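Have a look at the structure below before the remarks.
Side chains are part of it too, since the values below use all heavy atoms of this structure and drop only hydrogens, waters and symmetry mates. Treat the numbers as computed from the prediction; the structure is a model and nothing was measured. Start at 1 with the first residue, then count along the sequence.
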Amino acid sequence: MDKPIAPLPYEPKAPKKKAPLGACDCHAHILAGPDDFPLWEGRVESPDPEIDFESWLARYQANLTALGCTRGVIVHSIFYGTDNSVTVEAIRRLGPNFRGIGLLADGAQEEDVRKFVDWNMSGVRLNYVHGGVLGWAGAKEMAPILKEYGLHIQMLMHAHLHMQDLADDILSLPVPVCFDHIGWPDLSLGAGHKGIKRLCSLLETGRVWIKLSGLYRLSNMPYEKTDEIVAALIKANPERCLWGSDWPHIMLNGAEMPRTGDLLDALDRVVGDAETRQRILVSNPAVLYGFSETTK
């Protein structure tokens, strides 16, 4: 059966206020044409077959320019399974201001993790919502090796469903955990829900990070329904908050296609002060992803 084609993102739109020098888009994906890199058979949709790797790369760079970002983190797409080649090549082409988050399967060995370091990867992604190639048990087993090589775990989960069950395990891990998409909560439950409050308490420890990304998956433009939870996460620990565009917005599942400039505007609406904005967009990514202050 043919896979549905992922919709194309809008042309880049600048935010009302561009990102500061050294800003990092901490969550984006690079795709490719079917002749460039092999797609995973288990994927639920496919990128447009008429757009090749070079074109996707150029589109991403245009998006960064519109935002004012000079750094980025390429999160490997499940479209390609555990073959990280498309992400590895993207990072190589983009240069020293870029890092990757890759996929490893349960039971991955030290040599697999060592390759991630060679490829300029900063972490391994785990999808606790949809499942995939890496489970929570496998991630915990892998954690000591990740620590040895300076990598972390990036996780997609639902804070209102999973946080209470995960919290104790996360605090016992030897590596940091970075949560995607503001914990992908049920907005109707508000910031006072026990899952969000537990997530905030973990942020306060400094042991976990949160990406203020994926707002369009939870609310329509201008994403004001997410403000309460974004504000609570920033208040809990502004030194552990990151921002990402989630470009090119694959697997929308009915959500409206966003413009990334509007997503950065949504962050600015909540943040308010320049110091916190600088921390979220520049300083915090430099800490987690190891960017040099001399390569802005």
Side-chain angles (χ1 to χ4, degrees), residues 2-10 24-64 69 72-94 98-106 108 112 115-116 119-135 139 151-157 178-181 184 211 213-214 216-217 242 244-255 257-258 260 263 289:
D2 292 337
K3 306 287 184 180
I5 302 300
L8 295 178
Y10 289 119
C24 182
D25 177 359
C26 293
H27 196 107
H29 312 282
I30 298 294
L31 308 179
D35 295 330
D36 297 319
F37 297 92
L39 290 160
W40 180 48
E41 287 297 325
R43 69 193 183 282
V44 297
E45 69 180 35
S46 302
D48 191 316
E50 301 300 318
I51 303 178
D52 63 13
F53 176 73
E54 297 291 340
S55 298
W56 278 115
L57 204 59
R59 287 166 182 251
Y60 173 60
Q61 290 171 306
N63 188 67
L64 288 178
C69 293
V73 178
I74 309 303
V75 179
H76 185 64
S77 168
I78 193 61
F79 286 1
Y80 302 93
T82 55
D83 182 347
N84 291 278
S85 301
V86 62
T87 299
V88 172
E89 180 60 15
I91 298 165
R92 188 189 72 80
R93 292 281 297 276
L94 290 165
F98 293 81
R99 301 287 186 267
I101 300 293
L103 289 182
L104 287 175
D106 288 329
D112 301 309
K115 288 178 183 177
F116 267 39
W119 292 337
N120 232 1
M121 298 282 195
S122 292
V124 174
R125 196 182 193 204
L126 164 68
N127 191 323
Y128 201 75
V129 174
H130 303 114
V133 298
L134 179 64
L151 304 183
H152 66 270
I153 294 170
Q154 180 175 312
M155 176 184 286
L156 180 65
M157 58 89 200
C178 179
F179 294 115
D180 292 338
H181 304 341
W184 206 343
K211 291 189 180 184
S213 58
Y216 66 94
R217 299 184 183 274
L242 309 160
S245 69
D246 197 24
W247 186 93
H249 323 299
I250 56 180
M251 294 189 282
L252 286 170
N253 295 321
M257 176 64 73
T260 51
L263 294 168
Y289 301 109

**Prompt:** Are Val88 and Lys115 close enough that some pair of their side-chain heavy atoms sits under 4.5 Å apart?
**Reply:** no

**Asked** Do the ring planes of Trp247 and Tyr60 sit parallel (below 30°), tilted (30 to 60°) or perpendicular (above 60°)?
**Response** tilted

**Asked** What are the two closest heavy atoms between Leu242 and Cys178, and how far apart are they?
**Response** CD1-SG, 3.9 Å

**Prompt:** Any side-chain heavy atom of Leu126 sitting closer than 4.5 Å to one from Met157?
**Reply:** no

**Item:** Inter-residue atom distance Arg92.CZ - Ser85.OG, 0.5 Å rounding
**Value:** 12.0 Å

**Asked** Is the closest side-chain heavy-atom distance between Phe37 and Glu89 below 4.5 Å?
**Response** yes

**Fill in**
dist His181:NE2 -> Leu156:CG (nearest 0.5 Å) comes out at 6.0 Å

**Asked** With distance as the sole test, does Tyr289 use its side chain to make a donor-acceptor pair with the main-chain N or O of Cys24 at under 3.5 Å?
**Response** no

**Prompt:** Taking it one step at a time, do Asp25 and Leu64 satisfy side chain to side chain contact (heavy atoms under 4.5 Å, CB included)?
**Reply:** CA-CA 8 Å; Asp25 177 359; Leu64 288 178; 3.8 Å; yes

**Asked** His76 side chain to Gly100 main-chain N or O, any donor-acceptor pair under 3.5 Å?
**Response** no

**Request:** Measure from the side-chain N and O atoms of Asn84 to the backbone N and O of Thr82, and report whether any donor-acceptor pair falls under 3.5 Å.
**Result:** yes

**Request:** Considering non-hydrogen atoms only, spot the tightest contact between Pro49 and Ile5 and give its length.
**Result:** CD-CD1, 3.9 Å

**Prompt:** Taking Asp36 for the side chain and Phe53 for the main chain, is one N or O donor matched with an acceptor at less than 3.5 Å?
**Reply:** yes

**Message:** Quick check for you: to the nearest 0.5 Å, what is the distance between Leu94 atom CG and Arg99 atom CZ?
**Reply:** 12.0 Å

**Asked** Is there a side chain to side chain contact (heavy atoms under 4.5 Å, CB included) between Asp180 and Arg217 once you walk through the steps?
**Response** CA-CA 12 Å; Asp180 292 338; Arg217 299 184 183 274; over 6 Å; no

**Heavy-atom side-chain proximity of Val73 to Ser122 below 4.5 angstrom** = no

**Asked** Which pair of non-hydrogen atoms, one from Tyr10 and one from Pro258, has the smallest distance, and what is that distance?
**Response** CD1-O, 3.5 Å

**Asked** So, for Phe98 and Ile91, which heavy atoms are closest and what is the spacing to 0.1 Å?
**Response** O-CG2, 3.7 Å

**Note, His249 side chain near Leu263 side chain (heavy atom, < 4.5 Å)** = yes

**Prompt:** Any chance the side chains of Ser213 and Asp246 put a donor and an acceptor closer than 3.5 Å?
**Reply:** no

**Prompt:** Roughly how far, to the nearest 0.5 Å, is the CG atom of Leu57 from the CD1 atom of Ile30?
**Reply:** 5.5 Å

**Request:** Report yes if some heavy atom in the side chain of Gln61 is under 4.5 Å from a heavy atom in the side chain of Arg93; otherwise report no.
**Result:** no

**Request:** Would you check if the side chain of Glu45 reaches a backbone N or O of Pro4 as a donor-acceptor pair within less than 3.5 Å?
**Result:** no

**Prompt:** Hey, mind stepping through Thr87 and Ile101 against side chain to side chain contact (heavy atoms under 4.5 Å, CB included) and telling me if it holds?
**Reply:** CA-CA 8 Å; Thr87 299; Ile101 300 293; over 6 Å; no

**Prompt:** Once the angle between the rings of Trp119 and Phe116 is folded into 0 to 90°, is it parallel (under 30°), tilted (30 to 60°) or perpendicular (over 60°)?
**Reply:** tilted

**Message:** Please report the interatomic distance CG(Leu39) to CZ(Phe79), rounded to the nearest 0.5 Å.
**Reply:** 8.0 Å

**Request:** Measure the CH2-CD1 distance between Trp40 and Ile78 for me, rounded to the nearest 0.5 Å.
**Result:** 4.5 Å

**Asked** Any side-chain heavy atom of Val75 within less than 4.5 Å of one from Lys211?
**Response** yes

**Request:** Report the C-alpha distance between His130 and Val44 in whole Å, list the side-chain angles of each, state the deciding distance to 0.1 Å, and finish with yes or no for side chain to side chain contact (heavy atoms under 4.5 Å, CB included).
**Result:** CA-CA 11 Å; His130 303 114; Val44 297; over 6 Å; no

**Asked** Tyr80 and Ala32: which non-hydrogen atoms are nearest, and at how many Å?
**Response** OH-N, 2.9 Å

**Prompt:** Going by heavy atoms in the side chains, are Leu103 and Leu134 under 4.5 Å from each other?
**Reply:** no

